[in-house]
2 protein chains.
Amino acid sequence: MTLTESSSRALPRPEGQDRYTISEVAAHTGLSAHTLRWYERIGLMPHVDRSHTGQRRFTNRDLDWLAFVGKLRLTGMPVADMVRFAELTREGGHTIGARRELLVRTRGDVLSRIAELHDTLAVLDHKIEVYSDAMQTSPEE
Amino acid sequence: MTLTESSSRALPRPEGQDRYTISEVAAHTGLSAHTLRWYERIGLMPHVDRSHTGQRRFTNRDLDWLAFVGKLRLTGMPVADMVRFAELTREGGHTIGARRELLVRTRGDVLSRIAELHDTLAVLDHKIEVYSDAMQTSPEE
DNA sequence: TAAAACCTTCGAGTGCGCTCGAAGCAAGCG
DNA sequence: CGCTTGCTTCGAGCGCACTCGAAGGTTTTA
């Protein structure tokens with residue numbers, strides 16, 4: 001139960017364990033092994049553990065992290081910013097303020113995006129209604 | 001007042017007229033002249049009027065259309081689909097059903113996107129709170 | 001022990017939505 | 001009259017986030 005941060009164990013993890021191979025993680029996250037290695041390369045992962053022979057062994061924390069990154073991706077946050085966040089995390093506790101700030105900013109972005117979409121929704125609804133009326137009036141299909 | 005469809009005159013149009021040059025439209029929409037020509041080329045515009053010497057003369061309807069396209073763009077709809085919609089529009093009244101369908105589908109997409117963002121928002125809020133707590137507890141900045 | 005999975009490095013390719021520039025010419029305006 | 005704006009066609013370039021493949025090796029597992 002060392003849940004320092006991130007989502008509180010929502011999905012049942014594929015294994016009860018804490019050491020996953022890259023293909024297991026790929027299967028679980030939907031990301032390709034290529035992409036997972038790429039994430040690591042560009043600094044988007046916390047240090048990923050290795051077996052004594054050098055193979056990656058992902059932990060539940062890594063899965064948490066990947067889930068979180070997935071969320072950030074959904075916000076449309078550029079990868080560079082996510083990397084920045086990852087860096088801050090790796091730098092330790094004294095960056096918590098900065099991290100929080102970054103998330104607050106992102107939160108703002110998400111809110112405006114939602115507002116934008118609501119706007120768009122209104123336009124769509126209007127158009128759809130106009131079309132409905134038109135179909136009632138004139139010969140449809 | 002020949003507002004067949006689209007938004008009901010919200011923004012004050014730059015001129016009271018109904019014939020805009022490409023640079024006027026560019027200024028108004030924020031799209032470049034290049035992009036406007038590109039939109040036309042790929043079939044994303046209704047037929048754009050020309051002056052007797054062949055220069056584009058955009059109308060208020062065109063501005064309406066561009067505003068609508070802007071909204072569709074915000075939904076993340078791929079350009080190809082917008083082109084499809086434009087084609088249907090050009091094909092005339094018998095495609096109203098299909099157009100309506102397309103918009104309904106898009107509406108659904110927007111709704112799921114909004115839901116997704118709400119989800120993400122919850123995660124962000126959670127994290128932000130965790131950070132706030134951590135800052136209260138340990139030496140901040 | 002053999003096949004499958006993993007490792008590394010490297011670099012190229014993809015899809016999307018523009019974005020830009022150049023060439024060479026026609027039209028508009030002040 | 002001359003500068004600005006516009007037209008066309010063509011084709012290249014860009015930023016992003018992957019995505020893939022190959023080469024050449026080691027490790028794991030059935």
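Picking from D/dG6, C/dC18, D/dC18 the nucleotide with the shortest atom distance to the side chain of A/Thr35 gives D/dC18. Relative to the side chain of B/Arg37, the nucleotides C/dG28, D/dT8, C/dA5 differ in distance, and D/dT8 lies closest. Of the listed nucleotides (D/dT28, C/dG17, C/dG28), D/dT28 has the atom at the smallest distance from the side chain of A/Thr53. When each of D/dC7, C/dC18, D/dT5 is scored by its nearest atom to the side-chain atoms of B/Val79, the top-ranked nucleotide is C/dC18.
Map B/Arg73 and B/His34 each onto its nearest nucleotide of DNA chain C; the residue landing nearer the 5' end is B/Arg73. A residue-by-residue look at A/Phe58 and B/Ser51 shows that A/Phe58 has its nearest nucleotide of DNA chain C further toward the 5' end. Closest-nucleotide positions on DNA chain D for A/Ala80 and B/Thr21 were compared, and the one nearer the 5' end corresponds to B/Thr21.
Rounded to 10°, the angle separating the first-five-pair axis and the last-five-pair axis of the helix from C/dT1-D/dA30 to C/dG30-D/dC1 equals 20°.
For the pairing with A/Tyr20, the side chain to side chain donor-acceptor pair (under 3.5 Å) check across A/Asn60, A/Asp49, A/Thr59 returns one residue only, A/Asn60.
One atom, CG of A/Leu44, and another, P of D/dC18, lie 9 Å apart when rounded to the nearest Å. The NE2-C1' distance, from B/His52 to D/dG6, rounds to 13 Å in whole Å.
Salt-bridge formation is not detected for the pair A/Asp18/A/Arg61: no Lys NZ or Arg NE/NH1/NH2 atom is positioned less than 4.0 Å from an Asp or Glu carboxylate oxygen.
The side chain of B/Arg56 places no N or O atom within less than 4.0 Å of a non-bridging phosphate oxygen (OP1 or OP2) of D/dG6. Of the side-chain N and O atoms in B/Ser32, none sit less than 4.0 angstrom from OP1 or OP2 of C/dC18.
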